[in-house]
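To find a chain, count down the sequence lines: A is the first, B the second, and so on, and within it residues start at 1. Just so we're clear, the structure is a prediction, and the values are computed from it rather than from any experiment.
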Number of protein chains: 2
Amino acid sequence: MRRRRGADGKSTIKDVARAAKVAVGTVSRVVNAHPSVDPATRQRVERVIARLGYEPNAIAQSMRTRVTRTVGFVVPDISNPNWAWILGAASRILQPRGYTVVVASTGGERALELDVLGVFARRRPDALILALDSGDDGVLARALRQLRMPIVMMERELPGPWDAVMTDHAGGAYTATRHLLGLGHRRIALITASERVRPGAQRVQGYTRAFADEQLPVEPDLLRCGSFDPDFAFRETSSLLSRRDPPTAIVAGGIQLLAGVLRAAGLHGAAIPSALSVVSCGDTDLAQLASPPVTVARWDVKAIGVAAAEAVLRRLRGAASAAPARVVLESELVVRESCAPPCARRPGRCQARIQSP
Amino acid sequence: MRRRRGADGKSTIKDVARAAKVAVGTVSRVVNAHPSVDPATRQRVERVIARLGYEPNAIAQSMRTRVTRTVGFVVPDISNPNWAWILGAASRILQPRGYTVVVASTGGERALELDVLGVFARRRPDALILALDSGDDGVLARALRQLRMPIVMMERELPGPWDAVMTDHAGGAYTATRHLLGLGHRRIALITASERVRPGAQRVQGYTRAFADEQLPVEPDLLRCGSFDPDFAFRETSSLLSRRDPPTAIVAGGIQLLAGVLRAAGLHGAAIPSALSVVSCGDTDLAQLASPPVTVARWDVKAIGVAAAEAVLRRLRGAASAAPARVVLESELVVRESCAPPCARRPGRCQARIQSP
DNA sequence: CTGAAAGCGCTAACAT
DNA sequence: ATGTTAGCGCTTTCAG
């Protein structure tokens, strides 16, 4: 079986054309399902394609057409289940439409974020879905604009002409805090991400508003903003529980933080909810199956991915210059058993069973 | 500032050459850090590049050089934390080396797997890291071979000339089962993935071997192979606990399965470990923080990603035709508090505290 | 050290 | 309906 092939051993459109005794244009037409091809010719070409195992070279196609049918996905850490779920949801929509997802993690570090934008400037995906962490001094926004491709921001607020999909984390933290306030708690700690990233800032805002509503003061030391790392939550919880007047309740302001809070609470022997009430922002197996099950402010994580993918498709289908869309997902409180009224004496140490009559 | 640009508004190597008054070849040389460029010329070109915001078009580069600096990553479900961790670990190695990871989920469905392989046949990544689920009738293996690129299989055993990295799940299940057997359990259930995928098959094998070692018979109905979906574990656990002679212990043979097992056990009021002992294959926050903490057979999930990435790099660095490497990671038992000797009477219902002297 | 030119594999006119 | 051909943007000889 004679056939000439490219250096990598794959046959090219030329090989097919030669073997089928047609011009390359014709092969291109059958590959792209162009209507004006004689059925007989089409069949002959298709047979040759099958015989040679010809696969159109997407690189060459992209070079010609200037579209890669590729969507970049940039997040701080793709190992984080939050982003993994979102990626999964987005790719479940994009993949069947012929788009391939190209991922990159930034570690939330500015330098890497810039690097990654550079990579995508060179690779020319058709669109970008991203969550950038480093604050904006205009450099990032400019870099994004230079990309000249549809961009969808996730859970972040970087001013610019791009679509954005996010969760009302302020609302989530607000409801969580109110719930605790309503139970009679006053020393409520909030552990969450740095205020420089939207979810962190939003939660602080919701928390603060809940206190303001009751005309109650916020104690600054009870606000622990730093990162989404469970170890951060562990350290902060330990530190909080070691205070002379430990908080009677903690809001874990991030999907991954609950694990750190529970671990530290366990180590400190702080019984939940008798000695310490806990609310988590973000529902997980852990929140549902912990003892007791943890009250959470939950939202539809995957919906972020779905909305982002749909925004991308909308742009790519021609609404390229429509006004930036902005979708905000609601957060809802699910009351479980991790919250109780605060213990009056020996705050943070009391044992509910012992104290009850 | 005059400058001609491509249709997408990006300047090309030609624009740079024109503006710097050099030939495109020279621009190419400075971009690729070729040594033989006069320093003065280099500087002039670099300035123009900065001024025009020129970014080499990776598509065109790939077309010429036939390398994409891209690695495909194919798994059943990228939302699954197991794969997300592995992807994270792999990309943490690949990204700094200039490789971009392209992901695709297959849902474990044959048709999609074939689709995805087709996509990658066209996109021409430099290598592929994958976990295929559908059994092999030779079609898949042939498709992979036609790809003519380095391939690394993860957690799967598909015969062929590719590297493989996997975990000794048989060993994990064996140790877990022995542990239970040693405690005196005899009716031990195993819930795991379908036997058609390696982790499922391996766990059944380890479990069976543990019984064989003790010359004990395996009761087939206690083997529940089906999927890695927590809902599957939930259903099977419910079904098992509804038996007239429910198992006294359950091995959750998959990282995600523990959640389903615990949920069902909770609903059935089966206290752990007094009424039901539980071992999980795969360590998680849930296993560590459940009450009681769950004994697990654990292994280093990320190491799979690291090993896969390293295998890819090794091939890409020239060891293209070395014999297929095969790395097997060990699994280790971490005893926590979810296992106790089986309850003698009223199996599956007794309360440990009531029975102890 | 630098310029000129030949393609990489494909699509999309433009002819016929 | 099909053949021909001009590039897409880049790298890489090959001359000079």
Side-chain angles (χ1 to χ4, degrees), chain A residues 3-46 48-49 52-69 121-124 126 148, chain B residues 3-46 48-49 52-69 121-124 126 148:
Chain A
R3 52 168 118 162
R4 203 160 275 104
R5 325 209 207 171
D8 55 358
K10 290 278 223 172
S11 13
T12 74
I13 202 173
K14 247 187 202 160
D15 302 323
V16 176
R18 191 179 311 118
K21 300 184 193 314
V22 294
V24 293
T26 303
V27 178
S28 174
R29 282 176 204 115
V30 352
V31 165
N32 296 295
H34 187 104
S36 51
V37 178
D38 184 279
T41 311
R42 171 180 309 278
Q43 204 181 48
R44 184 154 42 95
V45 172
E46 273 165 352
V48 173
I49 286 177
L52 299 192
Y54 166 71
E55 296 280 2
N57 182 326
I59 306 296
Q61 291 177 312
S62 294
M63 159 94 118
R64 236 341 276 247
T65 61
R66 300 160 150 305
V67 340
T68 57
R69 295 200 73 90
R122 272 167 268 125
R123 290 201 184 274
R124 319 276 158 106
D126 295 342
R148 295 162 179 287
Chain B
R3 54 166 115 163
R4 203 160 275 104
R5 321 214 212 165
D8 56 358
K10 290 278 223 173
S11 12
T12 74
I13 201 173
K14 247 186 202 162
D15 302 323
V16 176
R18 192 179 309 118
K21 299 185 193 315
V22 294
V24 293
T26 301
V27 178
S28 174
R29 283 175 203 115
V30 352
V31 165
N32 296 294
H34 186 103
S36 51
V37 178
D38 184 280
T41 312
R42 173 182 307 278
Q43 204 182 49
R44 184 154 41 95
V45 172
E46 272 164 354
V48 173
I49 286 178
L52 300 193
Y54 166 71
E55 295 281 3
N57 182 325
I59 306 296
Q61 291 178 312
S62 295
M63 160 94 119
R64 234 343 273 248
T65 62
R66 301 161 150 303
V67 340
T68 57
R69 294 200 73 89
R122 272 167 267 126
R123 290 202 185 273
R124 319 276 159 107
D126 296 342
R148 295 161 180 286

ask   = Considering only heavy atoms from C-beta outward, does the side chain of B/V45 approach that of B/V37 to under 4.5 Å?
value =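 Side-chain contact under 4.5 Å: no.
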query = Would you say A/R29 and A/T41 make side-chain contact, with heavy atoms under 4.5 Å?
reply =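 The answer is no, as the side chains (C-beta and beyond) never meet within the 4.5 Å cut-off.
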Considering only [options], which nucleotide approaches the side chain of [X] most closely?
X: A/R29; options: D/dT2, C/dG9, C/dC10; answer: D/dT2
X: B/T26; options: C/dG9, C/dT11, C/dG3; answer: C/dG3
X: B/D38; options: C/dG9, C/dT2, D/dT11; answer: C/dT2

query = Pick the nucleotide of DNA chain C nearest each of A/Y54 and B/G25; which residue has the one closer to the 5' end?
reply =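 It is B/G25, whose closest nucleotide lies nearer the 5' terminus.
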query = Do the side chain of B/R124 and the base of C/dG9 come within less than 3.5 angstrom through a donor-acceptor pair of N or O atoms?
reply =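 In this structure, the two groups form no donor-acceptor pair.
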task = Spell out yes or no: do the side chain of B/R66 and the base of C/dG9 have one donor N/O and one acceptor N/O closer than 3.5 Å?
result =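 A donor-acceptor contact between them is absent.
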Tell me the interatomic distance from [X], atom [atom1], to [N], atom [atom2], rounded to whole angstroms.
X: A/R64; N: D/dC8; atom1: CZ; atom2: P; answer: 8 Å
X: A/R18; N: D/dG3; atom1: CZ; atom2: P; answer: 14 Å
X: B/M63; N: C/dA6; atom1: CE; atom2: P; answer: 17 Å
X: B/K14; N: C/dA5; atom1: NZ; atom2: P; answer: 13 Å
X: A/D15; N: C/dC10; atom1: CG; atom2: P; answer: 9 Å
X: A/N32; N: C/dA12; atom1: CG; atom2: C1'; answer: 10 Å
X: A/I59; N: C/dT11; atom1: CD1; atom2: P; answer: 13 Å
X: A/H34; N: C/dA13; atom1: NE2; atom2: P; answer: 11 Å

key: Straight-line distance of A/T12 OG1 to A/E55 CD, nearest 0.5 Å   =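 Rounded to the nearest 0.5 Å, the OG1-CD separation comes out at 13.0 Å.
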Is [X] close enough to [N] that one of its side-chain N or O atoms is under 4.0 Å from OP1 or OP2 there?
X: A/Q61; N: C/dC10; answer: no
X: A/T41; N: D/dA1; answer: no
X: B/S28; N: D/dT11; answer: yes
X: A/K21; N: D/dT2; answer: no

query = Step by step, would you call A/Q61 with A/R69 a side-chain contact (heavy atoms from CB on, under 4.5 Å)?
reply = CA-CA 10 Å; A/Q61 291 177 312; A/R69 295 200 73 90; over 6 Å; no
query = Contact class for A/V22 (heavy atom, under 4.0 Å): base, sugar-phosphate, or nothing?
reply =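 A/V22: backbone/sugar contact only, no base atoms under 4.0 Å.
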request  = Select base, sugar-phosphate, or nothing to describe what B/S36 touches, counting heavy atoms under 4.0 Å on all strands.
outcome  =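 The residue B/S36 makes base contact.
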task = Run the numbers on B/R123 and B/T68 for side-chain contact (heavy atoms from CB on, under 4.5 Å), then give the verdict.
result = CA-CA 9 Å; B/R123 290 202 185 273; B/T68 57; over 6 Å; no
